[in-house]
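Below is one structure; the comments refer to it alone.
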Amino acid sequence: MNHVLQQADTQAGTMPARKRVFMVDANPNRASKLNVVLNKLYSVHTFSDGGAALEAMEKEPPHLVLIDETTLSTRGQGIYKTKVRDRFHKFIPFIILSNNMEGPLVVKDRDGAPDHYLKRPINANGLLEQISSSLSYSVERSWAKLPKRAQQTLKSTIQDFNKIADAIASGQPLDVKATHNSCRPLVECVQSDEYKIVLDGVRNHHNYTYVHSLRVATYLTVFGNAVGMKENQMQILSAGGLLHDVGKMATPQDILNKPDKLTEEEWIIMKGHVDHSKDILGTMPDVNESIRVIAEQHHEKIDGTGYPLGLKGNQLNELARMAAIVDIFVALTDERSYKPAFSEDKAFSIMETMGTELDQYLVKSFREMVAN
Ligand SMILES: [Fe+2]
Ligand SMILES: [Fe+2]
């Protein structure tokens, strides 16, 4: 497998392009410490007072503003007032870093992007998760205009995804039944041929693991529908797609979202997402076997060159073969920082050159299905 393909395959669900983040803090030492974390993922512009930041914001708006609370209450008021009052700027999410808050909280929910408080000392992973969630605000807001079933699919799956992330972060067991239920509208969208609206709606969301997982879930369900699966089986397949990379929620954000080539060591950690998924799903007695197999085998290859176990031929379950094909197809047709989004035709010709790694009979049926 060539390098770009290997990276697309495993790093699928990671960040495509750097967003502009403004950091406003009167304390340069504190700002430069956070810059070390943020610079790896975002194009960070640092300002020591709100006036300069406001000027820059009016020239070219950032995707997000990170502002220190004391700077906000002294030299940062102008930028915040502009955010509150201005029709255009009010959709820029603000994250306020505070010394005094009792944990993160949404300040108010008016007709604009909500503000979030994070308490110092700042936990890097928590900050990166909050940035990703804040950046997705306007995308989620735009879902209200979509047809009902597509809207329900997007809302129920992101809610479920956020709950899963919280459960994993706090060491609580997952509620697989909830994931099963959250996928019901997706199955209906596939049956009524509305799934492309779902794929369009999720396109600019900033939780890349969610975007990738929902795209995999959608195409897997379409695949299941095309081969004549019953509704209940399709729902299991959807849930399997949504959960196939669940272990990535235990992968550090700076590796998951690194726009550059991963080091050897980082690759090992990234590939460890399969074992994390196995551990996470393994703690739950009621996980359907198909969901487990999809999560554990989607990076295995028929010729034994996959991971984590290097399974071969008949050792690979049929659903895992389907998931492997869909996973690679979704990664190739998605934009990443190291590659553009490939056309469906190009993705399929790359997958055909992978020969014995994939079940080429299934690749052919998937190609025919996507073409229809
Ligand atoms: Fe994966
Ligand atoms: Fe994946």
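For ligands, and for the atoms within them, numbers begin at 1 and follow the listed sequence.
His299 has its closest N, O or S atom to the Fe ion (ligand 1) at the position named NE2. Shortest distance from the Fe ion (ligand 2) to Asp245 is reached at OD2 (N/O/S atoms only).
Figure legend: cation-pi geometry between Lys364 and Tyr361 absent, as NZ or CZ is not positioned both under 6.0 Å from the six-membered ring centre and within 45° of its axis.
Note that NZ of Lys248 is 12.0 Å distant from CD of Gln253, once rounded to the nearest 0.5 Å. Annotation: the span from Ile294 atom CD1 to Arg321 atom CZ amounts to 14.0 Å, rounded to 0.5 Å.
For His299 and His273, the ring centers sit closer than 6.0 Å to each other.
A distance-only check finds no donor-acceptor pair linking the side chain of Arg149 to the backbone of Ser192 [under 3.5 Å].
Between the NE2 atom of His244 and the OD1 atom of Asp327, the angle centred on the Fe ion (ligand 2) amounts to 90° when rounded to 10°. Here the angle centred on the Fe ion (ligand 1), running from NE2 of His273 over to NE2 of His298, is 110°, rounded to 10°.
Among the atoms of His212, an N, O or S atom falls under 2.8 Å of the Fe ion (ligand 2).
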